[in-house]
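Everything on this sheet refers to the single structure shown next.
This one's a predicted model, so the numbers in the text were calculated from it and none came from an experiment. Here is how names work: the chains are called A, B, and so on, in the same order as the sequence lines, proteins then strands, and each is numbered from 1.
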Amino acid sequence: MTTQQEITSVNLIKPNISHPVDVESYGIISPAEIMRIAWEGVARNKVRSLLTMLGVIIGVGAVIIMIAISAGTEATISEQIEGLGSNLVFIQAGFGRGGPGGNNNDPTLIYDDVELVAGVNGVVGTAVEQQTTQTIKSDSTTLTDVPLVGTTPDFPSVRDVDISQGRFFNETELERKSKLAILSHGIAQELFGDENPIGQSITVGTTKLTVIGVAAERGIVGNTDFDSLVYAPITLVFDRFLPAQFARFAGDRVRIIYAEIEEEADMENVITQIQLRLAGTKDVAVEELPFTIQTQNDIIETEGATTEAFRNLLAWVAGVSLLVGGIGIMNIMLVSVTERTREIGIRQSVGATPNDIRLQFLTEAILLSLVGGLIGIAVGVIGGILFGQTSDMRTVIVPESIFLAFGSAAAVGIFFGFFPANKAAQLDPIEALRYE
Amino acid sequence: MKAIIRTENLRKTYGMGEIQVHALDGVNIEIQQGEFVAVMGPSGSGKSTLMNIIGCLDRPTAGKYFLAGQDVSDLDKVQLARIRNQQIGFIFQSFNLLSRTSALRNVMLPLIYQRPGSLSIEEREAKALAALEAVGLGDRADHDPNELSGGQRQRVAIARALVNDPILIMADEPTGNLDTRTGQEIMTVLQNLHGRGRTIVMVTHEPNIAEITERTITLVDGKVHQERILSALEAV
């Protein structure tokens, strides 16, 4: 019989039974084998493995994108700090008791108050701002709802607006209520395209103005889109666009007064002086003054706090999705252990120790989460870049976030893989072999 | 001859408190190196329990079990795994091969669980291939179990049982899932191994299969009921 011939042709050494087995020979099986066994386990159910990884992919991707967004926001804020100069004080009407606009009986911030503010020791420059929304026409284009900013000649220096073409209006033109306009970059583009806007006429509401300057591109700073404004002398704005019935008695209302403070000046002291003077002229106590006086830093801090809240929220979302991903892995690993009870029994019968089995399933869980983590990193980096390009938000991919995300994925694998692996390791070989 | 298996008053009791089942009730057996022994008995007689203890898958409640002179009755799970890995080869009724894993990888399995430093991957593969060739399946090394016939699968299982060069081969109803002709083929393979000096203990409920062995131990109610020893005369 052929089988017999084959058997006898192989030299099977007679077993040596003189040496008992060293039952204390602990140690782990070769790492390459463990990796191979784990990989076989993952590769056996490709679709399931991919779905299991999805949680980790989303979690890791979310961590990276979240950090990219907050890093982008922080970069924007720090540029604003540099761009605006920190020695600016904003005095705004309203925002006292009774919310924006305040009570009708509250004193208002008027144009003449700027003189008071300018007189305070330490104030080196002032600008006033009052806004109205107007329809603006050139020969070919009509723009509706454009914010028209009435202001004073120092506005460009106080608010760091560069004039890229032409010039801003001067004191004489302010006094004469000259019909002049300075367009922001974006408005100039929309009205005149590639044409030179200087010297052109535009119609604001029903009044014709001559364009004498264009502001350089600036972008969005705080809540203001500096590229969609039109500037004009505030006296003209009061006269033509915001006629107030009682202006002669009560003065023209302004939205905001900017005061630029000397570098070395004591900011607190200057603010107190301004408050005292305003309180004096309005005939109210300093505590009852219905004006908000903020420094540049106050505004940046407010915005920073918002960013931090936003970042915390995103961190929670990312954390929760990693947690859900980990639970997904644990779930599938538990199913897998049950499904492969027989396999575990076979391995145990040929000499796999509980540690060998534990290591196999733990490695499988870690492998799932690490492969998921790698895919998640790709998703996060690509997603972060795309998000930055397609939305208003700026994103900066932080290299550390990649390590953080990968580390969390590994931790998730170890943490959520341990319980199923332990369950597998504790199976009884006889029960496991009998499992159908 | 040295005793491969020696049990002293082996007992296994299941259940706690009032109701106790004595699966093994004082079993004394001795099996010498090179013997081919069949274990028979009706279901519930304790033959599976005996197999599990002899195969170092389980421990006795009381009594002693010496495997090749080494007392293994009180070893823990890890130590028993070491014994199974190095001294025992299993052949099961339902083959128990890993699915979607090549015959070669299946045969290599016991070698994988040897501690490191023993064999390189190349050595393991060579050894597994030699074992497959020994059962006449050298040309099927790359096939998965589902691409093999029942007889071939059982031969892969036999190769796996041989690859670690065990001192004892445990066969649990090795022909139970096979037709008569294939079953006889497998018995021939086992007889040949026996002829090469292997010690084989086989559980079976088929008397004609048991007859092929030289000795039959019959268990009833957890006790050795009867021993048939093939005399030299009968063997001829």
Of Ile53(B), Asp74(B), Asp71(B), Val27(B), which meets side chain to side chain contact (heavy atoms under 4.5 Å, CB included) against Tyr65(B)? Ile53(B)
Within the 3.5 Å criterion, strictly below it, is a donor on [X] or [Y] matched to an acceptor on the partner's side chain?
X: Asn164(B); Y: Gln114(B); answer: yes
X: Thr353(A); Y: Asp356(A); answer: yes
X: Arg342(A); Y: Ser94(B); answer: yes

When only pairs under 4.5 Å are counted, which of [options] shares the most heavy-atom pairs with chain A?
options: Gln191(B), Met170(B), Arg124(B); result: Arg124(B)
options: Leu57(B), Asn96(B), Leu67(B); result: Asn96(B)
options: Gly138(B), Ala81(B), Gly55(B); result: Ala81(B)

Which region of [X], side chain (C-beta onward) or backbone (N, CA, C, O), has a non-hydrogen atom less than 4.5 Å from a non-hydrogen atom of chain B, or is it both or neither?
X: Arg44(A); result: both
X: Gln360(A); result: side chain
X: Glu343(A); result: both

Apply side-chain contact (heavy atoms from CB on, under 4.5 Å) to Ile29(B) and Leu50(B), showing your working. CA-CA 11 Å; Ile29(B) 52 171; Leu50(B) 182 64; 4.2 Å; yes
Residue part contacting chain A, namely of Thr101(B), when any heavy atom lies under 4.5 Å: side chain
Pick one of side chain, backbone, both or neither for Leu97(B), based on which atoms fall under 4.5 Å of a heavy atom in chain A. backbone
Is any side-chain heavy atom of Gln348(A) less than 4.5 Å from a side-chain heavy atom of Arg84(B)? yes
